[in-house]
Structure formats: C-alpha cells, structure tokens
Amino acid sequence: MRLEIVCQDRVGIAQKVLGIFVEHEINIKGIDVITGTGQVFIHIPNLEFSELQTFMPQLRLTDGVIDVKTTPFMPSERERNELATLAKTFPDPFLSIDIRGNVRMANDVAVSIIGEPIKAIVGEQVAQWLKGFNVIKWLEHDEVLAQTRRLKFKDEDFVADILPIHVDDEDGDSVLAGAVLILKSEARLGQQMSAFKQSNDNNFAGIQTTSSAMRKVVREAKRMALLDSSMLIVGETGVGKEVIARACHSASDRSEHPFMTLNCASLPDDVAESELFGSGISTDSKSKRGLFELANNGTLFLDEVGEMSAKLQIKLLRVIQDGCFRRVDDEQEIKVNIRFISSTNKDLLSMVAAGEFREDLYYRLNVLGLNLPSLRERRADIIPLADHFMTKAAHPTGKSNLSLSEDCRDFIEHYPWPGNVRQLENVMIRAVSLLEGNEIETENLQLPAYTREHGYLEQEFEGTLDAAVKSFEADLLRKLYPAYPSTRQLAKKLGLSHTAIANKLREYDINKKTVKI
C-alpha cells in the first residue's frame, strides 16, 4: 500500500508522521518527501486496509496533517519507470556508466548488439565494446564536457553522443556521477536526415490546389524544393510563379537564409548589373553589396529571366558555373553559394533557336523545370481563390459576411482571366472596396465585356486582323513543327496541301535550324 500524506510545509512535520509508523512497528519500504508542497509519500508493503484503519485517526489528528489518502504509485517509482521505459524503447543503443566506466544500465538494442544477457553486461567495463574513444580518460578530466564522436561499437561504426551526468552535493556543488552514451548507426542517421529534409507542407498551404493540375504542380514543387539544383518556373504573367518560388525556398535547406528577387524586365541593363553584382567605391565612398552577396547561402529569384540582356546572360552564366563574381568597378573576386530559381512567360527554347537567349545558360537554369497552368486551365481553383481574395480584401475594411451572387460566381468561373491569379485578386480587391452591401454582383467587377459565345475583346488590342492571324499562325506552326518536322506530315495534320505548308514555313522562317527538334 502507498499513502499520500498532505502536510503543512514546516520543519519537523515529516518526523512526526514517521514517528507514528515507528510506534505501530510498521515496516516502511520507501519514503518520498516533496519539499515546497508538504507532501509525504510512504510505501508500506503487505499492509492490509484493516490495519491502516487502526492508526488512520491518529495520522489525521496529527497537528499539521491536512489529508491522508492512498495513491497508486510513489513519485520516485514513476520517475524510475519513466527512465526505464525511455531507455527500453529508445530506438538506438543506450548505455549508462558510472565514473569508473562500468555499465549500470543498457537498453534492449544495446544488449542485442553486445549479444550477452543484461546480467553479464552490468558492472563490466564499457571499453571492451567501444573502440575509438577513451571513456576512462575522458571521465578523469577536470572538466568533463559532452562529446559527439565517431567510434566503433562491437566493431560496427556509430556516431555517439556521450553526455556526463552531474548531481549536486550537500553544498550545492556539481559532482560527476557518470555518463550516458547514445549511439546512432549510419542507417539511423540517414533516416533522420531524410525525415529532417522532408518538405514542410505548411510552406505550400497558401497555394490553392483544388484542381488536379495545381495539385500535380505542388507535388512536383515539394520534391524540387528538397533539391539544390537551379529551377525554372514557366507560366503566363500573373499565375503565381514567385509564390511557388518562395514556397520552394521556405521548404528547402536554405530557408534560414535570404530569398532575394530581381525583376529582369523592370530595370535598364546597367541598373540590373549594379543590382546583381553590387559596386565598388561609390560617390559616398562606400561599396554596395549586390543581390549575389545578399543572397549568399540562400536563394536568388530571377523573375522574367527571358528579358535579360545578352551581356548580363554571359555574366550570370559565369556566376552559376564558378560561384564567383566581381563587383562593378572592383577587382576583388567574391565567392558565393546561391540556389537560382528563375521564371519566364516566354518560350525560352524558341528564343534559344532564334539566338535571343544563350543555350548554355538555358540548360543551366532549367535543371528542374516546372510549368504553371494558367487560371483558365485550372477552373476548379477560380471560385476558392475568389472567396479567399474577397475575405482578405474585406478584413482591412471591416466588412464581414460578404458573398458572391450565383450569377457572379458563374461569370467568374467561366471568364478567361488573361491576367490570371493577379488579375482575379485585383478585381476582387476593387469590388470589395467599392461594394455597398454584402453581396458582390457581376456588375461590381471591372472587366472587359465577355460572353461564352463570343469571348471577349481586349481593350488594349492593337494592330490589324491580318497581323493577328499571321501571328497566331506562326506561333502554331512553330509549336507543331518539332512533332511534325516533315512538311508532308504537318500538311496532313493541318489539312492543307504540301505546297501551302512549305510556303508558310518559308514565310515564317521555320526550319530545323531555327526550331530545336
């Protein structure tokens, strides 16, 4: 039987309580006194409840005793069982030794590796199974510090965490009492590193993936995030290429380091070069660090890399190849470690064929390629995204309980969204900001007129019908040509004569030299 006696926290109360047990000649197996709370736990083996009743009144009436009750276990028993359970179920070999290097405890994994019963192991020198680290010499140091060492345990390679055990003596000084050894095999370390490197799904939580097309993109992006190779994200303007790039960075091993961006289409050539490479001594006699330096050990996102000039392409290629560069007007070479993620809305391969983009740079950037579908290709995401942007826009304005009318939802879902996710977000922000009431109607959306039957006309359209048709025709032929490189095959595919196709290919300069097959 085990008793919990709650007492006032004062000097001598435990002695009074124990005196009652001595008076009744009751054998006590264990005592736990919890200072600060006034609890006294007593373990009395073989005590019958009828015997307890004979002196229970005396215990309860003792001055300073507040309560007496039975308890299923002693605090020290719980602590011992916690430690024993931890050691027993620990997946790696675990050994506890005293200050002389003798084994005090070993878990089942360690016992299995040693190949002897636990009784034959306890009390033996641990050094007979460990090679590559002198435990005794380490324990004899004036200051015993934790160690992580590679060593052999029963002739197998392990990495060991060797941790000293200290206890406080009567004067409060720390005294060495032994050590514990936790050993990890190469296989276990590999499992732990794999688990550590697994992509954190939370980094992609903000990306709408109702559609199967977008679920596939996110699955691929999560795998690519764990790699350290260059990545090229291809998609129309506004599809969320930077959002994916940021999520990949956050899920990578570089997440604790900077994510820097450069929009290659928004800056003049000389400004972009200064932004990337930095500069030496400037007018204020201070050097300027560029994005290459700022992104060191992190990720550099090159947005719309297809707009980069030929001069910058050459310089970027060298940085990717060698990891070295010089600031503008500076001779000192700087070494950096950067992961490059690029994006483009252009057909870079066609640009390579036309000599507008360096082929070697293209393949350096496109080690891992990811294609983002347009919003019209992932219609299942449109309404969830609209609801998300509506709620997001409503929060700062203090509006609540907003909704889309059925007609508006139908219109949004079937609109072609040439500006993709960015256009949808901007339209919802404007609609919420100017809304009077709680329901958004189709007329609240500022968009070019559109019908399912006739489509829509871009308000900014320029040129002639003939030019538009020729542009479409050239683009279609350029895309089909790699799959149908014979004029006869292409003519059959498009239902035209061999001569008509040959003339069109000649007119648009489409051949095996200009289009990569």
Side-chain angles (χ1 to χ4, degrees), residues 2 4-15 17-18 28-43 71 73-111 113-114 118-119 121-154 158-185 188-189 192:
R2 295 161 181 83
E4 178 185 354
I5 304 170
V6 182
C7 311
Q8 294 176 356
D9 186 19
R10 68 188 195 193
V11 177
I13 188 67
Q15 187 176 358
V17 169
L18 294 175
I28 296 174
K29 183 178 181 180
I31 303 169
D32 289 348
V33 179
I34 313 299
T35 58
T37 62
Q39 292 170 287
V40 178
F41 294 85
I42 300 179
H43 183 191
T71 183
F73 51 79
M74 305 277 283
S76 57
E77 290 176 317
R78 180 188 177 108
E79 290 174 6
R80 283 196 301 272
N81 286 335
E82 282 175 339
L83 179 59
T85 300
L86 175 64
K88 189 177 182 65
T89 60
F90 205 71
D92 302 306
F94 177 96
L95 296 158
S96 175
I97 59 175
D98 61 23
I99 57 173
R100 291 178 295 278
N102 298 320
V103 176
R104 295 189 64 255
M105 180 175 64
N107 69 346
D108 291 349
V109 181
V111 170
I113 293 173
I114 292 173
I118 186 65
K119 290 183 179 178
I121 296 171
V122 173
E124 294 295 317
Q125 275 284 318
V126 73
Q128 64 184 290
W129 300 297
L130 289 180
K131 306 298 179 187
F133 182 74
N134 193 325
V135 177
I136 300 298
K137 188 175 181 180
W138 172 71
L139 288 168
E140 291 174 349
H141 286 169
D142 293 335
E143 186 179 15
V144 180
L145 302 175
Q147 303 281 320
T148 298
R149 293 294 184 89
R150 181 172 180 170
L151 46 73
K152 286 189 179 295
F153 178 54
K154 281 289 288 186
F158 285 83
V159 171
D161 288 326
I162 308 168
L163 311 171
I165 301 172
H166 290 93
V167 297
D168 291 340
D169 62 13
E170 293 180 357
D171 299 324
D173 296 326
S174 182
V175 177
L176 182 66
V180 294
L181 293 85
I182 303 171
L183 301 102
K184 295 183 186 296
S185 67
R188 277 283 295 160
L189 284 170
Q192 291 175 327

Enquirer: I need the Asp173 CG to Asp168 CG distance, nearest 0.5 Å.
Expert: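 Answer rounded to 0.5 Å: 8.0 Å.
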Enquirer: Crowded around Gln8 CD? As in, over 12 foreign heavy atoms under 6.0 Å?
Expert: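 For Gln8, atom CD is crowded (more than 12 foreign heavy atoms under 6.0 Å).
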Enquirer: Nearest 0.5 Å, please: how far is CZ in Arg150 from NZ in Lys184?
Expert: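 Going from NZ on Lys184 over to CZ on Arg150, the span is 15.5 Å.
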Enquirer: Ignoring hydrogens, what is the shortest heavy-atom contact between Arg188 and Pro91? Give both atom names and the distance.
Expert: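 Shortest heavy-atom separation between Arg188 and Pro91 comes out as NH2-CG, 3.4 Å.
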Enquirer: Could you grab the distance from atom CD1 of Ile5 to atom CD of Gln39, nearest 0.5 Å is fine?
Expert: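 Going from CD1 on Ile5 over to CD on Gln39, the span is 11.0 Å.
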Enquirer: Does Ile162 reach the side chain of Val135, with side-chain heavy atoms less than 4.5 Å apart?
Expert: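 No, side chains not in contact.
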Enquirer: What I want to find out is whether Arg104 reaches Asp98 closely enough, with some N-O distance under 4.0 Å, to be called a salt bridge.
Expert: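 Between Asp98 and Arg104 there is no salt bridge, as every charged N stays at least 4.0 Å from the carboxylate O atoms.
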Enquirer: Could you state the interatomic distance from CD1 (Ile97) to CG (Leu130), rounded to the nearest 0.5 Å?
Expert: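 CG of Leu130 is found 8.0 Å from CD1 of Ile97.
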Enquirer: Could you pull out all residues at least two apart from Ile136 that satisfy side-chain contact (heavy atoms from CB on, under 4.5 Å)?
Expert: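 Partners of Ile136 under the side-chain contact (heavy atoms from CB on, under 4.5 Å) test: Gln125, Asn134, Glu140.
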Enquirer: Using a 4.5 Å cut-off on heavy atoms from C-beta on, say whether the side chain of Phe94 contacts that of Val180.
Expert: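 Yes - at least one pair of side-chain heavy atoms lies under 4.5 Å apart.
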Enquirer: How close do Ala106 and Ile118 get, heavy atom to heavy atom, and via which atoms?
Expert: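 Reported closest heavy-atom pair: O-CD1, 3.8 Å.
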Enquirer: Please list, chain by chain and in numerical order, all residues satisfying ring pair (Phe, Tyr, Trp, His ring centres under 6.0 Å) with Phe41, sequence neighbours excluded.
Expert: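 If we apply the ring pair (Phe, Tyr, Trp, His ring centres under 6.0 Å) test to Phe41, skipping adjacent residues, there are no hits.
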Enquirer: Applying side chain to side chain contact (heavy atoms under 4.5 Å, CB included) to Val103 and Trp129, what does each step give before you reach the verdict?
Expert: CA-CA 11 Å; Val103 176; Trp129 300 297; 4.0 Å; yes
Enquirer: Going by heavy atoms in the side chains, are Val109 and Asp92 under 4.5 Å from each other?
Expert: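 Sidechains of Asp92 and Val109: no contact.
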Enquirer: Minimum heavy-atom separation for Lys154 to Ile113, with atom names?
Expert: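 In terms of heavy atoms, the two residues are closest at CE-O, 3.6 Å.
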Enquirer: For residues Leu183 and Leu151, determine if any side-chain heavy atom of one lies less than 4.5 Å from a side-chain heavy atom of the other.
Expert: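 Leu183 reaches Leu151 side chain to side chain.
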Enquirer: Which residues pass the side-chain contact (heavy atoms from CB on, under 4.5 Å) test with Phe73, not counting sequence neighbours?
Expert: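 Phe73 satisfies side-chain contact (heavy atoms from CB on, under 4.5 Å) with Glu77, Arg78 once adjacent residues are dropped.
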Enquirer: When rounded to the nearest 0.5 angstrom, what is the spacing between CD1 in Ile28 and CD1 in Ile42?
Expert: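 It comes to 5.0 Å.
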Enquirer: For Phe133 and Leu181, run side chain to side chain contact (heavy atoms under 4.5 Å, CB included): C-alpha distance rounded to whole Å, both residues' side-chain angles, the deciding distance at 0.1 Å, then the answer.
Expert: CA-CA 12 Å; Phe133 182 74; Leu181 293 85; 5.9 Å; no
Enquirer: If you take all heavy atoms of Cys7 and Val40, which pair is closest and at what distance?
Expert: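 What the structure gives for the nearest pair is SG-CG2, 4.3 Å.
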Enquirer: Trp138 and Ala179: which non-hydrogen atoms are nearest, and at how many Å?
Expert: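 The answer is CZ3-CB, 3.6 Å.
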Enquirer: OG/Ser96 to CG/Leu163 distance, rounded to the nearest 0.5 angstrom?
Expert: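 Here the interatomic distance stands at 11.0 Å.
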Enquirer: Which atom names give the shortest non-hydrogen contact between Leu139 and Leu176, and what distance separates them?
Expert: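 The answer is O-CD2, 3.6 Å.
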